[in-house]
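Each remark here refers to the structure printed beneath this line.
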Amino acid sequence: MSETIFTKIINREIPAEIIFENDQVLAFKDINPQAPVHFLVIPKKAIATINDIQAEDAEIVGQLYIAAAQIAKEQGFAENGYRAVMNCNMDGGQTVYHIHLHVLAGKPMGWPPYQDTLKQPLP
Ligand code: AMP
């Protein structure tokens, strides 16, 4: 797959507010937050979409959720709760084609999340 902006963040070629890192996963604040708390948890392995996740990636996908929960506990919003969501392709609202878990917190989340807008893919 082609390189995305998230590969550049992993490689420290562009800045990001990194809040967690281990050998498989990186988490950083979303540049355009949609809630009082909004960060992204990404695998260091570049996987374009949910559709591209292979059986061998099960461990790494699990690590995204484990990291999200650990950060939620550390930042003190685990008990109140949060939204952890991964968008897929155009109808899912995906703009960066390197899978990422959005973690949103700090206010009650609406449901359903549907908005009558389509976002455009980013490089
Ligand atoms: P999605 O639309 O689900 O693909 O989510 C992509 C997310 O990446 C959006 O919420 C963007 O605000 C966020 N984003 C894009 N570029 C950056 C960046 N350089 N640093 C942090 N977040 C970013």
Side-chain angles (χ1 to χ4, degrees):
M1 61 172 277
S2 57
E3 192 174 274
T4 71
I5 199 164
F6 289 174
T7 302
K8 292 185 169 71
I9 289 175
I10 292 165
N11 294 335
R12 307 306 205 267
E13 291 165 9
I14 62 168
E17 278 195 72
I18 293 170
I19 57 173
F20 177 89
E21 182 171 24
N22 65 22
D23 59 342
Q24 290 184 307
V25 163
L26 188 72
F28 52 91
K29 292 186 181 178
D30 196 292
I31 204 168
N32 184 23
Q34 302 299 314
V37 175
H38 185 181
F39 59 84
L40 306 174
V41 190
I42 71 171
K44 290 187 174 175
K45 177 180 178 182
I47 301 168
T49 78
I50 295 173
N51 295 331
D52 301 300
I53 296 170
Q54 304 296 311
E56 69 204 38
D57 300 321
E59 157 77 15
I60 205 167
V61 174
Q63 289 293 333
L64 301 179
Y65 287 91
I66 289 168
Q70 181 179 322
I71 297 164
K73 290 170 194 161
E74 286 171 1
Q75 294 196 359
F77 61 82
E79 290 306 316
N80 276 356
Y82 51 97
R83 174 80 40 85
V85 64
M86 191 179 291
N87 299 327
C88 183
N89 279 339
M90 189 167 289
D91 279 1
Q94 185 172 10
T95 56
V96 179
Y97 282 77
H98 178 135
I99 61 168
H100 48 281
L101 195 60
H102 291 263
V103 179
L104 301 122
K107 67 175 185 181
M109 299 292 149
W111 191 265
Y114 178 74
Q115 288 183 315
D116 193 19
T117 56
L118 271 183
K119 295 190 282 184
Q120 297 302 312
L122 296 174

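As the structure lists them, so they are numbered: ligands from 1, and atoms in each ligand from 1. As a basis for the values below, the full set of heavy atoms in this structure was taken, side chains included, without hydrogen atoms, waters or symmetry mates.
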Trace of the side chain to side chain contact (heavy atoms under 4.5 Å, CB included) decision for Glu21 with Lys44: CA-CA 10 Å; Glu21 182 171 24; Lys44 290 187 174 175; 2.8 Å; yes
Heavy-atom pair with the smallest gap, counting every atom of Gly106 and Pro36: O-CG, 3.6 Å
contact_flag His100 ligand 1 heavy-atom lt 4.0 Å: yes
Check: His98 ring centroid to His100 ring centroid under 6.0 Å: no
Close approach, Ala16 and ligand 1, non-hydrogen under 4.0 angstrom: no
Subset of ligand 1 atoms that lie under 4.0 Å from at least one heavy atom of His102: 1 (P), 3 (O), 5 (O), 7 (C), 10 (O)
Check: Ile14 N/O within less than 3.5 Å of ligand 1 N/O: no
Arg83 side-chain N/O to His102 backbone N/O, donor-acceptor pair under 3.5 Å: no
Short N or O distance, Gly93 and ligand 1, threshold 3.5 Å exclusive: yes
Sub-4.0 Å heavy-atom contact, Tyr97 with ligand 1: no
Counterpart residues, side-chain contact (heavy atoms from CB on, under 4.5 Å), relative to Lys45 (two or more places apart): Ile47, Glu56, Asp57, Ile60
Close approach, Lys29 and ligand 1, non-hydrogen under 4.0 angstrom: yes
Pairwise distance CD1(Ile53) to CE(Met86) - rounded to 0.5 angstrom: 5.5 Å
Ligand 1 versus Phe39: contacting region, heavy-atom distance under 4.0 Å: neither
Asn32 and ligand 1 - part of the residue with a heavy-atom distance under 4.0 Å: both
Glu13, CD atom: more than 12 neighbouring heavy atoms under 6.0 Å: yes
From Ile10 atom CD1 to Ile14 atom CD1, the distance as rounded to the nearest 0.5 Å: 10.5 Å
Which of the ligand 1 atoms, numbered from 1, are nearer than 4.0 Å to a heavy atom of Phe6: 8 (O)
Option nearest atom 10 (O) of ligand 1 (shortest heavy-atom distance, choices Asp30, Leu40, Ile31): Asp30
